[in-house]
Amino acid sequence: MTPNTRIFQMSFSSVYPHYVAKAEKKGRTQAEVDAIIFWLTGYEPNRLQRILEDKTSFAVFFNEAPLFHPNAHKITGVICGYRVEEITDPLMQKIRYLDKLIDELAKGKPMEKILRN
């Protein structure tokens, strides 16, 4: 397994609390984190809860997303040292899109800008 694919097998529930903690540390809310996830993936609250309880992997989380947002391609910038728009692996790009949106939230960007409205 290449270094990048290790994250594909990680459970989404193992990283989700870190997303929430990063947001809350900067005065944002879990509800805003969830809104970002719902916008990006098309999941609904009850399904997200089931994903967290079932310890669903990142690969399954993104591959089974009901509707990956058509404006996701508008997410640009650097996260973890990589430009998200230049990442060639589709699954890794989706993971980094989410990372980038959570980072924008923690940096105080307004939700309407984060959600590319």
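Because the structure is predicted, anything quoted here is derived from the model rather than measured.
The shortest non-hydrogen separation linking Gly42 to Pro66 is O-CG, 3.5 Å.
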Verdict with reasoning, Ile75 to Leu40, per side-chain contact (heavy atoms from CB on, under 4.5 Å): CA-CA 10 Å; Ile75 302 167; Leu40 185 63; 4.2 Å; yes
Before giving the answer on side-chain contact (heavy atoms from CB on, under 4.5 Å), spell out for Met111 and Glu32 the whole-Å C-alpha distance, their side-chain angles and the decisive distance to 0.1 Å. CA-CA 8 Å; Met111 283 297 285; Glu32 289 173 308; 3.8 Å; yes
Take Ile36 and Ile114 through the side-chain contact (heavy atoms from CB on, under 4.5 Å) test and state the conclusion after the steps. CA-CA 8 Å; Ile36 288 170; Ile114 294 170; 3.8 Å; yes
Would Phe8 and Ile95 count as a side-chain contact (heavy atoms from CB on, under 4.5 Å) if you check the C-alpha gap in whole Å, the side-chain angles of each, and the deciding distance to 0.1 Å? CA-CA 9 Å; Phe8 298 169; Ile95 292 168; 3.8 Å; yes
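In this structure, the side chain of Arg96 does not engage the main chain of Val84 through any donor-acceptor pair within 3.5 Å. Listed for the Asn71 side chain is no donor-acceptor partner under 3.5 Å among the backbone atoms of Lys74. In this structure, the side chain of Gln93 does not engage the main chain of Thr88 through any donor-acceptor pair within 3.5 Å.
Note that the NZ atom of Lys109 and the CZ atom of Arg28 stand 11.0 Å from one another [nearest 0.5 Å]. In this structure, NZ in Lys100 is found 10.0 Å from SG in Cys80, a value given to the nearest 0.5 Å. In this structure, Phe62 CZ and Lys94 NZ are separated by 8.0 Å, a value rounded to the nearest 0.5 Å. Atom CG of Leu115 is separated from atom CG of Leu101 by 7.5 Å, given to the nearest 0.5 angstrom.
The hydrophobic cluster containing Ile7 also contains Ile87, counting ILVMFWY residues as joined when their side-chain heavy atoms lie under 4.5 angstrom apart, directly or transitively. A continuous path of ILVMFWY side-chain contacts below 4.5 Å connects Ile37 to Leu52, so both sit in one hydrophobic cluster. Val78 and Ile102 are assigned to two separate hydrophobic clusters, defined by single-linkage of ILVMFWY side chains at heavy-atom distances under 4.5 Å.
Residues Arg116 and Glu104 are paired through a salt bridge, judged by an N-O separation under 4.0 Å between the basic side chain and the carboxylate.
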Would you be so kind as to tabulate the donor-acceptor pairs closer than 3.5 Å made by side chains of residues 15-24, with sequence neighbours excluded?
unit_1, atom_1, unit_2, atom_2, d
Tyr16, OH, Gln30, NE2, 2.9
Tyr16, OH, Asp34, OD1, 2.5
Tyr16, OH, Asp34, OD2, 3.4
Tyr19, OH, Asp99, OD1, 2.8
Lys22, NZ, Asp103, OD1, 3.0

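The side chain to side chain donor-acceptor pair (under 3.5 Å) analysis of residues 56-68, with sequence neighbours excluded, yields the pairs Arg47-Glu64.
Under the side chain to side chain contact (heavy atoms under 4.5 Å, CB included) test applied with Phe58, the options Met10, Met92, Arg6 reduce to a single match, Met10.
Within a 6.0 Å radius of CD in Glu44, no more than 12 heavy atoms belonging to other residues, nucleotides or ligands are found.
In this structure, Lys55 fails the cation-pi test against Phe12, since its NZ or CZ atom is not both closer than 6.0 Å to the six-membered ring centre and inside 45 degrees of the ring normal.
Taking the six-membered ring where the residue is Trp, the centroids of Phe61 and Tyr43 are separated by under 6.0 Å.
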